[in-house]
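Note that the structure is a prediction, hence the values are computed from the model and not measured.
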Amino acid sequence: MKTFYRTILGVVIPAVAVASYLAYDRAMAPFTPPTLADYPIQGIDVSHHQGAIDWQALARQPKVRFAIMKATEGGDHRDKRFAENWKAAKDAGIVRGAYHFFTFCRPGREQARNLIKTVPVETDALPIAIDLEFTGNCGKVPTSDELSAEIGAFFAELNGAYPGKPIFYLNQQFFEQYFKGNEARFPDHHLWLRSIAQEPHQNDCRDWSIWQFADNGTLDGIHGPVDLNALCPSETGLAHLFPVLTAN
């Protein structure tokens, strides 16, 4: 009977975590997307779910200055379109970044080795990003100690292979559950904040560096919806990657 109860709890607790994550994520009313006047450097994040992408068409649109693309997940999964997207985005002149979906059910060192085998080290790319979320993850809900330990192991294995401090993708609920008041337990990082219901406070980019403001964007070159993002206007740590656009 104890085994039965443990099995039920193992299913219910992760389900509740995901449900609360989604409810929090969409709790606010829709808002007006950021303009290029207020947020001049905007971009997208993609994976194989976007299918074949016309990167040249994307590059002609002012709202696609950068693209953060899925490279790896867990200890052995590699996005099947990463290599293609990585090369084609560079050929189109779009600033690129790679992200790793961090699973809570594999050791951090294994996951880092998967990333190292997949993502080239290039000085003109955004720092490595880590996607930290419950949605789409395994059934485990880690404690704060477990999460910080495995993320620490992940970066210990990377051993500074990629330039710049990493980017952590979180929503506000995940931040408050694991990071708020505990930032010192994690590597120094840029924050990529998911907030599709309201505009986050800028606070001179001390609170966040990249804002994911939509998950249903439409752009020429991509069939179907795509995530949309904006760089904090006063973010100086990443701005050097973006050449100043000259007016026509």
Side-chain angles (χ1 to χ4, degrees), residues 17-47 49-50 58 61-70 94-97 99 101-102 126-136 164-183 186 188-222 224-245:
V18 172
S20 62
Y21 181 98
L22 293 174
Y24 191 103
D25 192 40
R26 298 180 180 274
M28 306 297 292
F31 66 100
T32 303
T35 66
L36 286 171
D38 292 331
Y39 293 87
I41 300 177
Q42 298 189 20
I44 59 175
D45 60 276
V46 300
S47 70
H49 291 295
Q50 274 65 50
L58 286 176
Q61 298 168 77
K63 290 189 175 183
V64 188
R65 298 284 304 281
F66 66 89
I68 305 177
M69 54 196 71
K70 184 174 183 178
I94 296 173
V95 174
R96 305 154 301 154
Y99 79 85
F101 187 93
F102 195 92
L126 289 163
I128 289 296
I130 300 183
D131 184 344
L132 295 166
E133 59 180 303
F134 293 118
T135 306
K165 64 183 182 181
I167 301 169
F168 285 4
Y169 172 89
L170 314 168
N171 81 346
Q172 190 66 37
Q173 188 217 16
F174 198 97
F175 173 81
E176 292 181 1
Q177 181 169 341
Y178 289 103
F179 281 75
K180 188 174 182 179
N182 296 312
E183 289 90 343
F186 297 92
D188 189 22
H189 58 275
H190 298 283
L191 179 60
W192 177 10
L193 180 64
R194 174 180 172 88
S195 181
I196 61 173
Q198 60 181 337
E199 181 175 7
H201 296 296
Q202 289 186 26
N203 197 19
D204 293 329
C205 304
R206 290 191 297 272
D207 297 331
W208 60 272
S209 298
I210 302 174
W211 168 27
Q212 185 186 84
F213 61 84
D215 57 9
N216 60 351
T218 56
L219 293 168
D220 293 339
I222 294 179
V226 64
D227 296 337
L228 304 178
N229 302 270
L231 186 71
C232 183
S234 52
E235 171 59 71
T236 58
L238 302 175
H240 67 282
L241 295 170
F242 300 92
V244 177
L245 295 180

Taking the side chain as every heavy atom from C-beta outward, state whether [X] and [Y] have any atom pair closer than 4.5 Å.
X: Y39; Y: K63; answer: no
X: L228; Y: L219; answer: yes
X: V226; Y: V46; answer: yes
X: W192; Y: N229; answer: yes
X: F101; Y: E133; answer: yes

Heavy atoms only: give me the nearest [X]-[Y] pair and the separation to one decimal.
X: P127; Y: P166; value: CB-CA, 4.3 Å
X: F66; Y: L231; value: CE2-N, 4.3 Å
X: D38; Y: P233; value: O-CG, 3.2 Å
X: E235; Y: S209; value: OE1-OG, 2.6 Å

Can you check whether [Y]'s main-chain N or O pairs, donor with acceptor, with [X]'s side chain at less than 3.5 Å?
X: W208; Y: N203; result: no
X: R65; Y: A230; result: no
X: Q177; Y: F175; result: no
X: Q50; Y: P225; result: yes
X: N171; Y: Q173; result: yes
X: W211; Y: C232; result: no

- Item | More than 12 heavy atoms of other groups within 6.0 Å of D220 CG | no
How many angstroms lie between atom [atom1] of [X] and atom [atom2] of [Y], to the nearest 0.5 angstrom?
X: L132; Y: Y169; atom1: CG; atom2: OH; answer: 10.5 Å
X: I128; Y: I68; atom1: CD1; atom2: CD1; answer: 10.5 Å
X: H201; Y: R206; atom1: NE2; atom2: CZ; answer: 12.5 Å

From the list D227, I222, I94, side chain to side chain contact (heavy atoms under 4.5 Å, CB included) with I44 holds only for I222
| field | Step-by-step side chain to side chain contact (heavy atoms under 4.5 Å, CB included) determination, L191 to L170 | value | CA-CA 7 Å; L191 179 60; L170 314 168; 3.4 Å; yes
Verdict with supporting geometry, R194 and D215, salt bridge (Lys or Arg N to Asp or Glu O under 4.0 Å):
CA-CA 9 Å; R194 174 180 172 88; D215 57 9; 3.0 Å; yes
Fill in: Within the 6.0 Å centroid threshold, strictly below: F179 and F168
yes
